[in-house]
Amino acid sequence: MNRFLGMDANPQTVQLLFGAREMATGLRLVSDPTCKMTLWARVAGDVFDIAVLRSLDKPENPKRGNVRLALGVVVAVTALDVLAAWRLSTVKRTCP
C-alpha cells in the first residue's frame, strides 16, 4: 500500500493503524450489523483515511494518480457508511 500511494511511513505502522481499526469495526459489525455507534465509528475512520489520502495528494508525489483513485473509492465508501449510519440512527435501540 505504501508503494502504491507513494507513502514514506513505515509499512508495519501503517498496516497496524489502518488494519486494526478496520478489523475492530468489521468484527463488531459482523456480530451486530445494526449497531449505529459502530457505523459512526466507521465513518470517523473513513474521515481519517480521507485526511491521510489528501495529505498524499501533492504534485511532488509520483503516485498522485493512485492516491486520487484511492481517494475516490474511500469517498464513495464513506458516502455509503454515512447513509447506513444515518438510517440506523433513526432506529430506537441500544447496542450491547
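Because the structure is a prediction, the values reported are computed rather than measured. All residue numbers in this chain count up from 1 along the given sequence.
For residues 12-25, the salt bridge (charged side-chain N to carboxylate O under 4.0 Å, His left out) pairs, not counting sequence neighbours, are R21-D49, E22-R42. Pairs engaging residues 51-72 under the ring-ring contact (aromatic ring centres under 6.0 Å, His included) rule: none recorded [sequence neighbours left out]. Among pairs with a residue in residues 21-78, those fulfilling ring-ring contact (aromatic ring centres under 6.0 Å, His included) read F18-F48, at least two apart in sequence or across chains. Within the structure, the salt bridge (charged side-chain N to carboxylate O under 4.0 Å, His left out) test picks out the following pairs touching residues 65-78 (sequence neighbours left out): D57-R68.
Both V67 and F4 belong to a common hydrophobic cluster when Ile, Leu, Val, Met, Phe, Trp and Tyr are linked at side-chain heavy-atom distances under 4.5 angstrom. Linking ILVMFWY residues whenever their side-chain heavy atoms come closer than 4.5 Å, directly or via other members, leaves V73 and V75 in distinct clusters.
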List the steps, then state whether side chain to side chain contact (heavy atoms under 4.5 Å, CB included) holds for L53 with L5. CA-CA 8 Å; L53 289 168; L5 296 174; 3.9 Å; yes
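By the side chain to side chain donor-acceptor pair (under 3.5 Å) test, N61 pairs with no residue at all, sequence neighbours left out. Listed by chain and residue number, L39 satisfy the side chain to side chain contact (heavy atoms under 4.5 Å, CB included) test with A84 (two or more places apart in sequence, or in another chain).
For the pair Q12 and L16, the minimum side-chain heavy-atom distance is 4.5 Å or more.
Only one option out of V74, V47, V43 pairs with D81 in a side-chain contact (heavy atoms from CB on, under 4.5 Å); it is V43. Applying the side-chain contact (heavy atoms from CB on, under 4.5 Å) test between L71 and each of V52, I50, N66, L56 identifies I50 as the sole match.
What you find for D32 and T34 is that their closest heavy atoms are OD1-OG1, 2.8 Å. Of all the heavy atoms in A85 and S89, the pair that sits closest is O-OG, 2.7 Å.
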